Amino acid sequence: MKKDIVSFTLDGQTIIAKLGQTIMQACDDAGIHIPRLCDVEGLRHQGSCRVCTVKVNGRTTSACTQPAEDGQIVESETEEIINYRRDLVRMLFHEGNHLCPICEASGNCELQAMAYRLGITQPTKFPYLQPVRSLDASHPDIALDTNRCIRCGRCIRASQDIDGKGLFGYVGRGIHRNVGVNGDNLAATNASLDDVAFSPEICPVGCIIRKGVGFKTPIGEREFDVPAPQEKAAPLPPLSGARKKRIATTSLAGCFGCHMSLLDIDERVIDLMRHVEFDRSPLNDLKTFTQHCDIGLIEGGCCNEENVHVLREFRKNCDILVAVGQCAIMGGLPVMRNAIMHSDDPLKECFEEAYISSPYIENERQRIPNDPALPLILDSVYSCVDVVKIDYQIPGCPPSGDMLWQALSALISGKPEDLPKELIKYD
Ligand code: SF4
Ligand code: SF4
Ligand code: SF4
């Protein structure tokens, strides 16, 4: 007689599954969560994001599509599998345009939460592709920003299989594959907020946006916000004869917010000054290096030739170079201008928008600054890692004072180590 239950082991633990269940479903029933992005309850399995990758009898497969069978040996939370998942999630960041500090989904985003869960400080292992993708704001209630799309297909499956409206479909192939609207634009589809594709749980990221509700939930109360640890890091150990570490800091194309955040370490600055001396830095107004430094802290990305020159100087004069904040790590807000780099004359378009056409500009003589003393603007905005080798990255916009303190403490003590996951924030 055919059995209606099977059993397998997951990381050594026995799991009982109903016949016909996938490994993921059986683990869900057993209260064990396998990470996922494209799979969601109520929709058919697609197995495209591969974040639920597990090893079954030594072979990698997706847990959301693999049927549970008797005697399987399944590995999930091993270092090898976690590293696969990290790389998959990193690639999702790199192939889209993810600017968490200005994203309506930040704090409620499954991709961002997955990156935190996997302990990804920043996804800079691969080059940023910075694609130019469509933004459809034609509908009065909903906008579709495909720059953040991870091609999970949840909106497509929901719209095809649940209410049968088929609002969305895939367009393009390979790396250019994207989600498109079945119609001229969202407004032309007569879509309404009641359509299942617009249910808040469908899009895991910030592509399908309900107009007028973004940013309404305060930071700290959003779905995936995790309270930062309350205890402050231990004071730095005594110097015991060692010389003070020399630190240099600079702001390239940054807003100085990261420097301001450094001041949020409050009274710990006294401890810090016992262990370090600042060389070239806006904090002491020293504009050139007076000696070689142990640590260089870089705020901001590279928008112009002077930024590149300064960054190279820091690389030459500092043993350890740290990219501090989103702008240094991936270009930050200025990187938004890269979206027009494929036009015929992108710089002209940028300047005209910034100095002439913007509704907030009063420029009667329609002049665009072009003094030869001004540094030449680069064709697009580059992250620091695009220009020089960067040793460490401290994410956030800006990183909190506590995070900067923990990172500096580790660097000064010569023991760079993993920061507590709860301190890592991309926004
Ligand atoms: S919050 Fe999510 S969708 Fe928005 S930019 Fe960050 S990762 Fe992308
Ligand atoms: S729009 Fe959202 S739900 Fe649809 S495929 Fe892209 S990420 Fe997934
Ligand atoms: S990361 Fe944020 S705070 Fe830091 S320089 Fe950039 S915009 Fe300013």
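This structure is a prediction, so every number in the text was calculated from the model and none was measured. Whatever order the structure lists ligands and atoms in, that order sets their numbers, starting from 1.
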Visitor: Pull out every atom of ligand 2 sitting under 4.0 Å from any heavy atom of Ile150, numbered as shown with elements.
Guide: 7 (S)
Visitor: Looking only at non-hydrogen atoms, which of Leu99, Val205, Val89 approaches atom 5 (S) of ligand 1 most closely?
Guide: Leu99
Visitor: Take every heavy atom of Tyr426, measure it against each atom of ligand 1, and state whether any distance is under 4.0 Å.
Guide: no
Visitor: Do any N/O/S atoms of Cys255 come under 2.8 Å of atom 8 (Fe) of ligand 3?
Guide: yes
Visitor: What residue and atom, counting heavy atoms only, is the protein's closest point to atom 2 (Fe) of ligand 3, and at what distance?
Guide: Cys397 SG, 2.4 Å
Visitor: Please write down residue, atom name and distance for the protein heavy atom closest to atom 4 (Fe) of ligand 3.
Guide: Cys258 SG, 2.3 Å
Visitor: Looking only at protein heavy atoms, identify the closest one to atom 6 (Fe) of ligand 3 and say how far it is in Å.
Guide: Cys327 SG, 2.3 Å
Visitor: Do me a favour and list the nearest non-hydrogen protein atom to atom 1 (S) of ligand 3 with residue, atom name and distance?
Guide: Gln326 N, 3.3 Å
Visitor: Answer side chain, backbone, both or neither: which part of Cys207 comes under 4.0 Å from ligand 2, heavy atoms only.
Guide: side chain
Visitor: Which atoms from ligand 2 have a heavy atom of Cys155 less than 4.0 Å away?
Guide: 1 (S), 3 (S), 4 (Fe), 5 (S)
Visitor: Does Lys425 qualify as a cation-pi partner of Tyr116, given the criterion of NZ or CZ under 6.0 Å from the six-membered ring centre and within 45 degrees of its axis?
Guide: yes
Visitor: For ligand 2, which atoms, with element, lie under 4.0 Å from some heavy atom of Cys203?
Guide: 2 (Fe), 3 (S), 7 (S)
Visitor: Could you tell me whether any N, O or S atom belonging to Cys100 is less than 2.8 Å from atom 4 (Fe) of ligand 1?
Guide: no
